[in-house]
Structures are given as structure tokens and as C-alpha cells.
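In this chain, numbering begins with 1 at the start of the sequence shown.
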Amino acid sequence: MYNSSNLKGVILACVSSAFIGSSFIIKKKGLKRAGVSGARAGVGGYGYLMEPLWWVGMTTMIVGEIANFVAYIYAPAVLVTPLGALSIIVSAVLAHCLLDEKLQKMGMLGCLLCIVGSTVIVLHAPGERSIESVDEIWGLAVQPAFLLYTASVVAVALVLILYCAPRYGQTNIYIYIGICSIIGSLTVMSVKAIGIAIKLTLDGANQFKYFQAWVFAMVSVTCIIIQLNYLNMALDTFNTAVVSPIYYALFTSFTILASAIMFQDYYGQSISNIASELCGFITVLSGTTILHSTREPDQPFITDLYTPLSPKVSWHLQSNGEIWKQRDEDGQPPNCITIVRHDYFN
């Protein structure tokens, strides 16, 4: 089911993707600059807040998110969210040009698959459900199925934030991105509710007299802050070309699931339309996977240029003719006159 409302949502989603894809690269450059003179965001530093380039990237992202916000008013989340794949194409191309993160030929094929999959999704997406008040959205949000989903998201997020992130966040890319993705699904649902409330208010029916609208607003702000924090940590720790597709895949999957539960997007849809959209989404995921697999990961961050990558053994010839064996952590040998160093890997 395709209509003019969906078309407005598609156009806004494409504009949003262009700005958001650019913001990944600009913020990445800002994070790199900030990391030179202070603690990196990946290890909990906030020096990037003093970096103008990071704020340029943040402004670009805000513009993109505003366009995305409006897109959710006109089109269902199962249509708008998958179109975020276009931001991956933008970020991959700009990373190739500005960050020297090479885009291989197979990566170009991945971009093409993202475009094809997005087109299929657009052509077979369900129409936007007509909602007359925030109270109606609140009724959808307190359904037992969606309450169970929300409780599960909060529980998993707490485990990832309190237990997994401090231990494995620097080595496992799915920790930071997982937090962004599952929290992000709640962000989209609450943002969509706020967007509908604003639209209805502008049409003459004030929705902000209901406390439910303010609950959705508080949920939105809280979730957005959490998302931005852990997305910054992911971008600062891992390669942009790796973060973008994985974040897209997880975020889109959880958002589609949340929207299908809360707004019942697929209710009344034909099997062929549902299957076509699923195939389109799988095609986009395939494209993002190819983009991920053909890009080189970041080199490990080393604070000391003289730190050895492997242990070393030193053999010292003392003045009395005896050979003295020393590991790097040992003290200096007495009466040392020559040194020969050999690497070992055991």
C-alpha cells in the first residue's frame, strides 16, 4: 500500500540519511582530534565536547534526525527505518575520501544491494495507520505484548551497561552498538508518538494537555542521551565502516520488531507484501554485510610509540665474559658493554 503520505516520508528519510551519514565522518574526525590531546571517548573521556569539528558533526546529525523525526509522522517505522541504509552508503563513500578507509569493489556492490533492497522496501511498505490522539497511542504502548518488549529491552540494556560494557566494551563491538540499538527501538516509538502529537496539535487539537505526551517526551530524551553516549564510544573505538552497518542492522531489526508489536504495522497486509519487504530488508542486510567484510578494521590504539608489540629478551655481555639474560621488565645489567636483542613470541 503506497500513498502520498508515504512518499513524503521517503523523501524526508533520504534527506535524513544524507545528513546522518555525513555526521558519522565529521564526528569521527572530531573524535580523533580530541583524542590527541586528552582522554578518548572510547575510554570514557569527554574532551570531544571542546572540539568544534565534533559539534559540526553533531549539528549535521541533529538536522538529519529532525528530518527523520518528521518522516516518522508521515510514514510507518517499518518503511522509514530501513531507509537508513542510505546513510551507510554516504558514510562509506565519505570515509573512503576523507578518512582513508578504503572502499573496495565488493563494497561498491554492497552499496548497490542497499539501494536495491531499499527500493523494494519502499514499494511494498504498509501505509501509515490513522491515529487521532495521544491517548490512542498510549493505549498501544500499554498493550501486554509491548510492555513485555519494553521490560525485556530495559533488562538487557542494564546488563550490557553495568556488566558487559566495563569488561568487554573495548574488544567486542556488539556491546556498545547493542546498547544503542535496543534503546533506539524505544526512542523511535516515543519519537513517533511525539511527532504525531505535534502534528495533531498544529491541526488544532492540543495533545500536550495529556500527561502521556510528556511521558513520551521524557522517554525520548532519556533514550537519545544513552544512544549518543554509547554511539560516540563505538565510533571512537572501532572503524566507522564497521560500526555503521552493524548499527544499522541491529537498530533496524529491533525497531521493526518494536513497531510491529506496538503499531501492528503488518496487520491486514498480504503475505506477498510482507514477504517482499522481508526480502528487501535481507537484501539491505546483505549489502551492509559486504560493506563490513570488505573494509579494513582500525589499528589498535597505542598510547606509547615505543611500547613493544611483543615481549623481548635481551642478551648482555658483561665485562667478566659471562652472558646475562634479561627480559624487558628486569633492571639494567651491571657492567654492560654490548646488547643484542631478539624477539620471541612464546
Exercise. Between S87 (side chain) and S17 (backbone), is there a donor-acceptor pair under 3.5 Å?
Worked result: no
Problem set entry | Linked hydrophobic residues, I225 as query - side chain contacts closer than 4.5 Å | V221
Problem set entry | Any donor-acceptor pair under 3.5 Å from Q207 side chain to V134 backbone | yes
Exercise. So, S220 side chain and F216 main chain: donor-acceptor pair closer than 3.5 Å or not?
Worked result: yes
Exercise. If you measure from CD on Q170 to OG1 on T237, what distance do you get to the nearest 0.5 Å?
Worked result: 4.5 Å
Problem set entry | Co-members of the apolar cluster containing L278 [side chain, <4.5 Å] | I282
Problem set entry | Separation between CG of N232 and OH of Y230, rounded to the nearest 0.5 Å | 12.0 Å
Problem set entry | Donor-acceptor contact below 3.5 Å, side chain Q143 vs main chain M262 | yes
Exercise. Distance from Y74 atom OH to I11 atom CD1, nearest 0.5 Å?
Worked result: 11.5 Å
Problem set entry | K192 side chain vs Y72 backbone, donor-acceptor pair below 3.5 Å | yes
Seminar exercise, completed: For V63, the other hydrophobic cluster members (4.5 Å side-chain criterion, sorted by chain and number) are V15, F19
For this session: Spell out, as yes or no, whether a donor-acceptor pair under 3.5 Å connects the side chain of E136 to the backbone of E132.
Result: yes
Seminar exercise, completed: CD1 of I179 to OG of S181, rounded to nearest 0.5 Å, is 10.0 Å
Problem set entry | L250, V154, T255, L160 screened by side chain to side chain contact (heavy atoms under 4.5 Å, CB included) with I182, the one that passes | L160
